[in-house]
Amino acid sequence: MAKEITSREENYSQWYNDIVKKAGLADNSAVRGCMVIKPYGYAIWEKMRDQLDKMFKETGHVNAYFPLFVPKSLFEAEEKNAEGFAKECAVVTHYRLKNDPLQKGILSVDPEAKLEEELVVRPTSEAIIWNTYRDWIQSYRDLPILINQWANVVRWEMRTRPFLRTAEFLWQEGHTAHATKEEAIREARQMHDVYAEFAEQFMAMPVIKGFKTENERFAGADDTFTIEALMQDGKALQAGTSHFLGQNFAKAFHVTFSNEKNENEFVWATSWGVSTRLIGGLIMTHSDDDGLVLPPRLAPIQVVIVPIPRPEPLLLEKAEQIRKALQDQGISVKIDVDDTKRPGFKFAEYEMKGVPVRLGLGMRDLENNVIEVARRDTREKASVSLDTVVSHVADLLEEIQQNLFQRAINFRNEHMTEVNDFATFKEVLESKGGFLSCHWDGTSETEEKIKEETKATIRCIPIDAPEEAGVCVYSGRPSSRRVIFAKAY
RNA sequence: CGGGGCGUAGCGCAGUCCGGUUAGCGCACCUGGUUUGGGACCAGGGGGUCGCAGGUUCGAAUCCUGCCGCCCCGACCA
């Protein structure tokens with residue numbers, strides 16, 4: 001069998017790139033740092049989007065759309081946020097091209113068409129949204145505002161990687177406005193929970209829920225809640241964040257409301273987002289050296305039926321029966337009717353693309369009233385009676401979903417190490433990586449020093465971390481709970 | 001943005017050091033035939049701004065200059 005994917009052991013980065021390419025998820029584009037998301041990759045994103053959108057609606061949110069461009073003066077209004085993003089903003093300065101007077105067929109920027117005020121291409125939309133909310137909010141009766149938008153954003157990254165970090169990416173950003181601090185905090189935590197549930201139940205990707213230290217917090221937030229996942233190379237991936245923004249944006253954009261006592265108060269805010277980065281996390285959580293492995297709940301094709309050795313009427317007729325029956329159970333099925341490729345080739349292709357279940361149907365099977373059922377996660381094959389195949393496959397998809405999740409949990413647990421001294425810290429980080437659970441003295445200085453010396457950062461302070469007396473792994477000063485360190489993407 | 005590597009057909013590469021027929025090979029593609037339960041075989045065929053732009057030369061994929069892009073490592077990054 002021709003191996004087309006670099007093994008993880010040989011070169012993890014190359015393995016990742018190979019999967020993206022060979023599974024048909026994305027291509028590089030003519031634009032530096034920007035990728036083309038291909039139909040199969042986009043189909044995964046659509047599945048994620050549809051499910052998240054449903055969960056957002058169930059928690060009372062509605063969708064809207066705000067502009068791509070943010071006038072610079074608005075962008076800089078909330079100082080910390082503007083500062084945080086300043087170094088990676090694309091800026092529009094002109095609005096017209098003209099024919100170059102010297103070179104035929106060449107367009108150049110028309111110096112006459114310089115914008116009075118530059119437009120920042122949104123790296124996130126707090127500024128434009130809060131500037132709008134000012135007009136929408138007068139009274140406590142106008143609150144809460146629970147809006148989400150599906151959009152693209154641009155962050156001019158120095159070094160990009162498909163899905164994990166691209167100059168332009170797709171995401172959703174929720175922006176909510178509340179009358180009280182308590183309600184806003186509840187909202188931020190609720191969406192944090194939604195993200196964790198989505199990651200675990202749909203992506204089968206276990207996450208640690210926690211909050212960020214001041215250093216790692218979103219610029220402009222009072223508190224950032226995060227879900228942190230662990231990739232197969234032992235590095236952590238921040239998979240989603242939900243921010244309690246306090247009154248920072250309300251103050252910057254003068255958004256106030258009259259409360260029931262007719263007193264003016266600043267509005268409380270949250271924002272929360274997940275992006276196409278999740279696809280990178282999905283890849284690095286489950287896939288293997290034979291290609292992509294997808295959890296059934298997010299697989300664009302859940303079941304593929306391959307007629308063996310070739311699509312013949314009798315086989316296709318039976319396949320179509322099975323497809324209909326599975327479809328009635330809400331399962332997406334593709335019948336491969338391509339007669340220019342042989343079964344072995346197709347098997348390898350669908351394994352590359354991570355299709356969870358493959359059904360192989362030949363004349364011999366038909367005679368014996370059976371069908372071959374192959375599962376992608378364990379590579380096991382079984383012969384199953386045609387009478388029971390539909391319920392068998394439905395159960396199997398669920399089993400695969402659970403197995404992938406359990407496997408990922410096991411991996412995560414094996415790579416969660418409690419460490420109590422700095423020598424061990426460094427040694428564990430180098431030898432097996434993963435999450436290091438340690439005491440930390442709570443100071444930025446210690447956090448910075450550990451980062452300088454080891455490249456590891458505090459991924460989060462787990463929400464459920466128990467109170468436990470101890471001493472800081474670096475400084476030896478007292479600490480009351482453990483935090484999670486790791487090298488991160 | 002720094003160090004290293006690479007850019008020749010859709011993909012993977014040889015040719016570049018040392019300039020010289022019509023630029024090759026494997027896979028893929030097209031046609032015909034034989035095959036067919038894990039990436040089939042035979043025969044024939046099509047497909048190239050040699051990353052881009054200048055320069056040197058009788059002659060450039062090959063030498064020189066500049067630029068662009070991609071990959072790996074680092075710095076940077078909520």
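Here is the naming used below: chain letters follow the sequence lines, and residue numbers restart at 1 for every chain. Quick note: numbers below take in every heavy atom, side chains included, and nothing from hydrogens, waters or symmetry partners. What you see is a predicted model; the values in this text were computed from it and never measured.
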Parallel, tilted or perpendicular: which describes the rings of F253(A) and F249(A), with under 30° parallel and over 60° perpendicular? parallel
Any side-chain heavy-atom pair of Q238(A) and R277(A) under 4.5 Å: yes
Please name the nucleotide paired to rG69(B) by Watson-Crick or G-U wobble geometry with both distances under 3.5 Å, or report none. rC6(B)
Holding to side chain to side chain donor-acceptor pair (under 3.5 Å), I want the full list of residues that pass it with T443(A), two or more places apart in sequence or in another chain. D441(A), T446(A)
Test side-chain contact (heavy atoms from CB on, under 4.5 Å) applied to Q190(A) - qualifying residues, sequence neighbours left out: T59(A), H61(A), E187(A)
Taking only the C1' atom of each, what is the distance from rU31(B) to rU49(B) in whole angstrom? 29 Å
Residues forming a side-chain contact (heavy atoms from CB on, under 4.5 Å) with A64(A), sequence neighbours excluded: F66(A), I147(A)
Taking a pair to mean Watson-Crick or G-U wobble geometry with both distances below 3.5 Å, rG37(B) pairs with none
rA23(B) versus rG47(B) - spacing of their P atoms, nearest Å: 13 Å
Quick test: give all pairs of protein nitrogen or oxygen and nucleotides 26-37 of chain B nitrogen or oxygen below 3.5 Å, distance rounded to 0.1 Å.
residue	atom	partner	partner atom	Å
rG37(B)	N7	R364(A)	NH1	3.4
rG37(B)	O6	M363(A)	N	3.4
rG37(B)	O6	R364(A)	N	2.5
rG37(B)	O6	D365(A)	N	3.1
rG37(B)	N1	D365(A)	OD1	3.4
rG37(B)	N1	D365(A)	OD2	2.6
rG37(B)	N2	D365(A)	OD2	2.7

How far, in whole Å, is rG12(B) from rC71(B) if one measures between their C1' atoms? 15 Å
Under the side-chain contact (heavy atoms from CB on, under 4.5 Å) test, which residues partner A86(A), sequence neighbours left out? none
Contacts of type side-chain contact (heavy atoms from CB on, under 4.5 Å), residue N215(A), not counting sequence neighbours: T213(A), S444(A), E447(A), E448(A)
Listing request: all salt bridge (Lys or Arg N to Asp or Glu O under 4.0 Å) pairs with a residue in residues 225-239 of chain A, at least two apart in sequence or in separate chains. K212(A)-E228(A), E228(A)-R459(A)
Taking the C1' atom of each, how far is rG37(B) from rC29(B), in whole Å? 27 Å
Looking only at atom C1', what distance separates rU57(B) and rA61(B), rounded to whole Å? 16 Å
Would you list the protein and nucleotides 67-72 of chain B atom pairs, both N or O, that sit under 3.5 Å from each other?
residue	atom	partner	partner atom	Å
rG69(B)	OP1	R32(A)	NH1	3.3
rG69(B)	OP2	R32(A)	NH1	3.0
rC71(B)	O3'	N17(A)	ND2	3.2
rC72(B)	OP1	N17(A)	ND2	2.6

What's the gap between rG19(B) and rC63(B) when it is taken at their C1' atoms, as a whole Å value? 8 Å
Salt bridge (charged side-chain N to carboxylate O under 4.0 Å, His left out) filter on K341(A), not counting sequence neighbours, yields D338(A)
Just to be sure I understand the geometry, which residues of residues 276-284 of chain A put a non-hydrogen atom under 4.0 Å away from RNA chain B? none
So R358(A), base contact, sugar-phosphate only, or nothing? Heavy-atom distance under 4.0 Å. base
Could you measure between the two P atoms, the one in rC68(B) and the one in rA53(B), and give it in whole Å? 15 Å
Mind telling me whether F485(A) and F425(A) have parallel, tilted or perpendicular rings, with 30° and 60° as the class edges? perpendicular
Select from K346(A) and T241(A) the residue whose nearest nucleotide in RNA chain B is closer to the 5' end of that strand. K346(A)
Which pairs with one or both residues in residues 310-320 of chain A pass side-chain hydrogen bond (donor to acceptor under 3.5 Å, both in side chains), sequence neighbours excluded? K318(A)-Q321(A), E320(A)-R323(A)
Letter by letter from the 5' end, nucleotides 5-12 of chain B scores (B base, S sugar-phosphate only, - none; protein heavy atoms under 4.0 Å) --------
Under 4.0 Å: is that the gap between some side-chain N or O of K87(A) and OP1 or OP2 of rC1(B)? no
